[in-house]
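Being a predicted model, the structure only gives us computed values, none of them experimental. Hydrogens, waters and symmetry mates are skipped; everything else that's a heavy atom, side chains included, is used.
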Amino acid sequence: MSAAEPERSPPPLLPLRRALGEVRAAAALAPARPAYAAGLRAAIATVAPLAASYFLGLGGGTWMSLAGFNGALADKGGPYRIRAATLGALTLAGAATAALGVVGAFHPAIAIPLTFVVAVACSLARAYGNAGASVGGAALVIYVISLAFPPAMPGEALARAGYVIIGGLWAMLVSLVLWPLQPYRPVRLAVAGAYRAVADYADRVGAASITDQPAGPANVRTALETARAALATMRRGRSGETGRGERLLVLGEIADQLLGHLLGLSDVVDTIAPEARLPSEQKALSAALQALGDTARGLATGIEAEADAVPVAVGWNGDGVRAGLPAPDSAPPAGQPASARPDEDATAHYHQAATLLDRMAQYAALAAGATAGLNEGRPLPTLERPLETEGPEPQVPLFAPLRAVLARDSVVLRYALRVGLVTTAAVLLTTALGLKRGYWVTITAVVILQPYTGLTSHRALQRVLGTVVGGALTAALAALFHAPLAILSLAFVFAGLSVTLLPLNYAAFSVFLTPTFVLLAEANAGDWHLAGVRILNTVLGGALALAGSRLLWPTPESDRLPAYLAGSLRAMRAYLDRVVALFPDRSAEASRSLRAARRDVGIAILNAEESFQRLLGEHRGPAEELAPLMTLLTYARYFTASITALALSRHSIDSAFGDVLVPFAREVGGVLEDLARALEEGRTPAPLPTVPEPPATGAQASPLIRGRLTRLRRQLRTLHDAVERWGRQGEG
């Protein structure tokens, strides 16, 4: 080093920090409750067949217990018909793969091609959603275990299939007859979650009205879509609608209405200039929104309660906000100096906020009435204005989802081929190396592999961490317990704990899954001293899964995210165009159309955000490189909220004012389309054109429209800047 050259500081420990961050993320607990009832049911479904086999000398305890455990994991509650169909499919698929495993083990020459075919077929079941993924994954695990234990005679294929059927039927008996989960429980929890998400956002908007800081974009769509999916499942699973089901449907729709009005209210409040804000009105706004949050939380608690729900009273509205305001379009009192009068634009926005609060109070009161009669299952009373609930989704043909995922660029198809090749490679590797209990390598790889690279890495870390801890626990217990009754008791505890903790963290699930799996898979051998072998095989299986996710048709999120972002921009454009086209229309049909467009935007932005989260797991460069994308996602929600506020304002002003929106929407739509193409093509967008400003005076001047369009222009500029910065990074 020359004397003139400055001394260089050592590089920061970015890899170490990243690794620690990933470990913390793997160990983080989800905001959920432990599934105590599901855990106890799983323990009963798992250990009872094992105990019967041991004490009665029936044989096949391992296969019956595996089928019982898989059935307990697959049962997520809901309508009996759908649960029975899922558990029935799981039982039949498990029996088939158990028999095929015997065929492969008895004829090694066909084991490799058979493994590939079975793995691909089971993985394609993901086309049918979470239920299909559960059925396919469990069936593949049973195949791998059956393949690992050569049969004593050819007829053992039928014996293993029969044991799996018995275990599956036992799981169905426990789940559907002896100890059924409440059929409406998952729907109740999902709808209650939507109300809690609305409450949290109302709290943020209320606090922002006091601090003069923006509340931030709403992120309630995930909870609403979860509730929507649960409601759709409920309707498909019942031949006729009940009073309880009808009330839950209405409650789900009201939650969506509350979100839409909250989005509009948040934008209205943010529009008021800080210097024009009135302290008393801001305080009244905050109080009303905090009361709304309390009401929504009370509704959530009442929806979850199976009995003795506390009635929810709605004692708030917009009166507190409008109390100190002059009436709209009223002349100022004689002799009052101009400096003492409230800003006219601010007054208009406060009146609009009060109107929105009034409408939210009406929706909340309707929700309180629906919640009050929920447990009795009484039909809803006749409403003065029927709520805009949607009809049940049409029945999808059985093979339609499978045909949809067989496209050349399908993520599910690539995932299935990847699982097939990795599973086959694991079988070849463990056979060639003669690894003891090598099927644990294969099972680990199967369980860890996910359709996306980032999710695979996260799941691998959780699985390895949980298995290491669980292996240490197993090794410690091996020195203390040897009696069969003690082993069965521990299996009962571990099976229950694993399922109980699954909603909280997959690593915690893996901690107790390890001793459970050792007991189930090795019940006949009675070998507790396999925990170390399981840890080593788990690490090897995790390495295989990671290698497969990165080498076999990788789908990096950096290639997929631009399309999702472009889709969200186009959805925003379609929403704005629909608002402008329907601005003079006050009909219920127009409201339904606008709500559908708002939902389309919410789903598009949600898809983009999920893709961005996957990108965070894959990105290895500086975090600052992703800042433009974070800005783009944040302001996409702000932009959507402003469009929603514009749509709601059509109820408060003369429809003739809508004429000023047409040229505005035309220019903004062109910019949004160019931004979408720039993202897809990896370039910088065209320079931002001049977007028409709303008139400040004249017959078509309106403070509400002017406030909405001014905010949309500012947000469009921020969106353009974010895409421009992202494009420059790509070009550089």
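For Leu413 against Leu406, the heavy-atom pair with the smallest separation is CD2-O, 3.8 Å. Contact between Thr91 and Leu169 at its shortest, heavy atoms only, is OG1-N, 4.3 Å. The shortest heavy-atom contact between Leu615 and Ser558 is CD1-N, 3.8 Å. Closest approach of Ala171 to Gly71, counting heavy atoms only: CB-CA, 4.2 Å. Closest non-hydrogen pair, Ala161 versus Ala95, comes out as CB-O, 3.5 Å.
Taking CD1 from Ile448 and OG1 from Thr538, the interatomic distance works out to 7.5 Å, rounded to the nearest 0.5 Å. From Leu540, atom CG reaches atom CG of Leu536 across 9.0 Å, with rounding to the nearest 0.5 Å. Atoms OG1 and CG, on Thr97 and Leu140 in that order, are 8.0 Å from each other to the nearest 0.5 Å. Ile166 CD1 to Leu173 CG: the interatomic distance, rounded to the nearest 0.5 Å, is 13.0 Å. Rounding to the nearest 0.5 Å gives a distance of 4.0 Å between CG of Leu629 and CH2 of Trp726. In this structure, the separation between CG on Leu561 and CD on Glu610 is 12.0 Å, given to the nearest 0.5 Å.
When only modelled atom types and interatomic distance are considered, Ser549 and Arg418 share no side-chain donor-acceptor pair under 3.5 Å. Counting only N and O atoms by type, the side chains of Tyr143 and Thr115 include a donor and acceptor under 3.5 Å apart.
Partner Tyr506 forms a side-chain contact (heavy atoms from CB on, under 4.5 Å) with one of Leu501, Leu465, Val447 and no other, that one being Val447.
Under the 30°/60° scheme for interplanar angles, the aromatic rings of Phe69 and Phe509 are found to lie parallel.
At distances below 3.5 Å, not a single donor-acceptor pair connects side-chain atoms of Ser65 with backbone N or O atoms of Val47. One N or O on the side chain of Thr430 and one on the backbone of Val427 form a donor-acceptor pair closer than 3.5 Å. In this structure a side-chain-to-backbone donor-acceptor pair under 3.5 Å is missing from Ser568 to Ile605. Checking side-chain atoms of Arg160 against main-chain N and O of Gly101 turns up no donor-acceptor pair under 3.5 Å. No side-chain donor-acceptor contact under 3.5 Å links Ser53 to the backbone of Pro49. In this structure a side-chain-to-backbone donor-acceptor pair under 3.5 Å is missing from Ser611 to Asn607.
Checked against a 6.0 Å centroid threshold, the rings of Phe612 and Tyr564 do not count as neighbours.
Residues meeting the side-chain hydrogen bond (donor to acceptor under 3.5 Å, both in side chains) test with Tyr54, sequence neighbours left out: none.
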